[in-house]
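For reference, the structure discussed in these notes is given below.
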Number of protein chains: 2
Amino acid sequence: MKPEPLSRERIVAAAVDLIEREGADAVSMRRIATELGVGVMSLYNHVPNKSSLLDGVAESVMAQIEFHDDISAPWQEQVLAQARALRQIAMHYPRCTLVVLTRQLRTPAGLLPTERALATLKRAGFERDQAVSVLRAFVAYIVGCLLREVGVTSTFDPAGGGGSIAGSFDATLFPETADLYGWLATCDHEAEFEFGLRMLVEAAAVVPRAPSNTDEPQS
Amino acid sequence: MKPEPLSRERIVAAAVDLIEREGADAVSMRRIATELGVGVMSLYNHVPNKSSLLDGVAESVMAQIEFHDDISAPWQEQVLAQARALRQIAMHYPRCTLVVLTRQLRTPAGLLPTERALATLKRAGFERDQAVSVLRAFVAYIVGCLLREVGVTSTFDPAGGGGSIAGSFDATLFPETADLYGWLATCDHEAEFEFGLRMLVEAAAVVPRAPSNTDEPQS
DNA sequence: ACCTGAACACCGTTCAAGT
DNA sequence: ACCTGAACACCGTTCAAGT
């Protein structure tokens with residue numbers, strides 16, 4: 001009935017599944033073993049240790065990113081599309097997101113997003129050091145957004161989600177927070193993501209760069 | 001010789017200390033108890049559980065943020081100063097940073113940075129929803145930067161720090177990454193932080209906002 | 001009020017034994 | 001080659017017992 005042989009892929013898939021169902025804290029070698037109906041130690045025939053298993057989780061998720069950016073579109077559009085592709089996958093695996101962002105991968109799946117972004121920025125005419133700095137600014141922003149969206153960092157709701165409308169903080173100590181309570185208490189993640197992304201794209205567009213090739217490659 | 005009574009503060013301080021010395025993974029109730037020379041269960045007289053202890057760590061670090069921003073300076077300068085204050089504290093407690101950013105605090109120490117930033121943005125003339133969106137964009141960027149700086153997320157060095165100059169990735173598959181290897185392999189964290197910060201400040205400056213009070217408050 | 005040891009239900013991983 | 005149980009050195013937390 002269950003002759004399917006154990007393999008690294010099956011183990012990683014079980015881990016991704018478990019994380020999405022119960023959160024990253026639920027992941028343990030023993031738990032995944034029972035999930036797969038095998039002894040704990042059987043896992044170690046395919047995965048050297050837990051850390052490597054989590055690398056596998058990150059790799060598996062990263063490999064599913066789907067880039068749809070049009071190479072003939074203006075670079076601003078391409079950058080937006082690439083950023084949205086990252087967000088897509090994070091929305092698809094929200095509870096894996098912290099794990100994915102936390103393990104830096106030096107594998108094809110981990111390097112591909114960087115490669116594509118750098119190609120876009122160089123085609124846009126950015127000098128090499130500028131291309132890297134702009135990339136890093138975008139990635140920092142995207143990482144911060146995604147961690148907020150999946151609930152890892154704060155949305156600035158000053159009184160936990162389930163609290164009363166007035167909240168429990170001292171409104172006289174924090175008058176601005178109180179005044180803006182209505183906006184702080186809710187967060188349209190997609191709108192906020194797009195808002196900051198557009199700010200960065202606009203700012204990147206005015207970074208001085210080589211005039212030779214701006215939008216169209218012209219070799 | 002050690003009559004100093006146990007207290008929540010002493011426990012939290014020991015945790016902060018241990019995290020900075022050995023990393024967040026080293027923190028356990030048992031370890032901290034031995035660190036303080038008491039039985040494990042003694043801790044539970046002052047701290048309900050480990051999660052609350054980590055909240056204490058975050059609170060303790062946040063409470064040490066020192067804001068030096070000049071209320072009469074242009075809002076752009078104030079925003080920069082506030083962002084740098086956050087970075088300062090993260091640099092002072094690098095290994096606590098993930099813990100701090102990961103626990104959203106609804107306490108005075110946790111709300112103060114938000115309060116100050118919102119005051120600055122409102123004085124700059126941003127509408128209320130804009131002020132919140134701009135704040136969220138800045139915070140996302142800062143969170144992403146700090147996590148990179150403390151080693152949680154990737155700097156995009158395509159071949160781990162200790163690797164050979166050429167790296168171990170396939171240069172034909174990733175031509176741009178290979179071409180930019182020299183820039184990707186090193187990361188001047190302060191310079192990158194400032195670079196993206198300036199991009200965001202410039203972009204924020206052109207967000208359309210109420211014309212009534214721009215730089216000078218005019219009641 | 002504060003401290004504590006024993007106990008319970010967990011961890012990751014090593015090792016030696018099986019097939 | 002792959003699977004496995006026992007064992008070791010850890011976890012967080014409950015509970016009942018001490019002072």
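Hydrogens, waters and symmetry mates are skipped; everything else that's a heavy atom, side chains included, is used. Just so we're clear, the structure is a prediction, and the values are computed from it rather than from any experiment. Chain naming here is simple, since letters A, B, ... match the order of the sequence lines and numbering starts at 1 in each.
Under 4.0 Å is where a charged nitrogen must lie from a carboxylate oxygen, and between Glu35(B) and Arg21(B) at least one such pair does.
Judged purely by distance below 3.5 Å, without hydrogens or angles, the side chains of Arg106(B) and Ser154(A) never pair a donor atom with an acceptor atom. Side-chain contact, Ser133(A) with Glu192(B): a donor N or O sits under 3.5 Å from an acceptor N or O.
Ile32(A) places its CD1 atom 15 Å from the C1' atom of dC10(C), with the value rounded to the nearest Å. One interatomic measurement links the two molecules: CZ of Arg30(B) to P of dT4(C), which rounds to 14 Å at whole-angstrom precision. Atom pair Asp25(B):CG and dC11(D):P shows a separation of 12 Å (rounding to whole Å applied). Rounded to an integer number of Å, the gap from Lys50(A) NZ to dC11(D) P is 14 Å. For the pair Leu36(B) CG and dC2(C) P, the interatomic distance rounds to 16 Å; values are reported in whole Å. dC2(C) atom C1' lies 14 Å from atom CZ of Arg10(B), rounded to whole Å. With rounding to whole Å, Leu43(B) atom CG is found 19 Å from dA1(C) atom P.
Contacts of Val38(A) with the nucleic acid, taken as non-hydrogen atoms under 4.0 Å apart, involve only primed sugar atoms and P, OP1 or OP2. Within 4.0 Å of Met29(A), counting heavy atoms only, lie sugar-phosphate atoms of the nucleic acid but no base atom. Here Ser28(A) lies in heavy-atom contact (under 4.0 Å) with sugar-phosphate atoms only.
The nucleotide dT13(C) finds its pairing partner in dA7(D), both defining distances of the Watson-Crick or G-U wobble pair being shorter than 3.5 Å. Summarising the base pairing, dC2(D) is matched to dG18(C) through a Watson-Crick or G-U wobble pair whose two defining distances lie under 3.5 Å.
Side-chain proximity of Met41(B) to dT13(C), dT13(D), dC3(D): nearest is dT13(D). Distance from the side chain of Arg31(B) is smallest to dC11(D) among dG5(C), dG12(C), dC11(D). Comparing dT4(D), dG12(C), dT13(C) against the side chain of Asn45(A) picks out dT4(D) as the nearest. Considering only the side chain of His46(B), dC3(C) comes nearest among dC3(C), dC3(D), dA7(D).
For dC2(D), neither phosphate oxygen OP1 nor OP2 lies less than 4.0 angstrom from any side-chain nitrogen or oxygen of Ser42(A). Checking the phosphate oxygens (OP1, OP2) of dT13(D), a side-chain nitrogen or oxygen of Tyr44(B) falls inside 4.0 Å.
Side-chain atoms of Glu176(B) do not come within 3.5 Å of backbone N or O of Glu115(A) as any donor-acceptor pair.
For the pair Arg87(A) and Phe193(A), the distance from NZ or CZ to the six-membered ring centre is under 6.0 Å and the angle to the ring normal is within 45 degrees.
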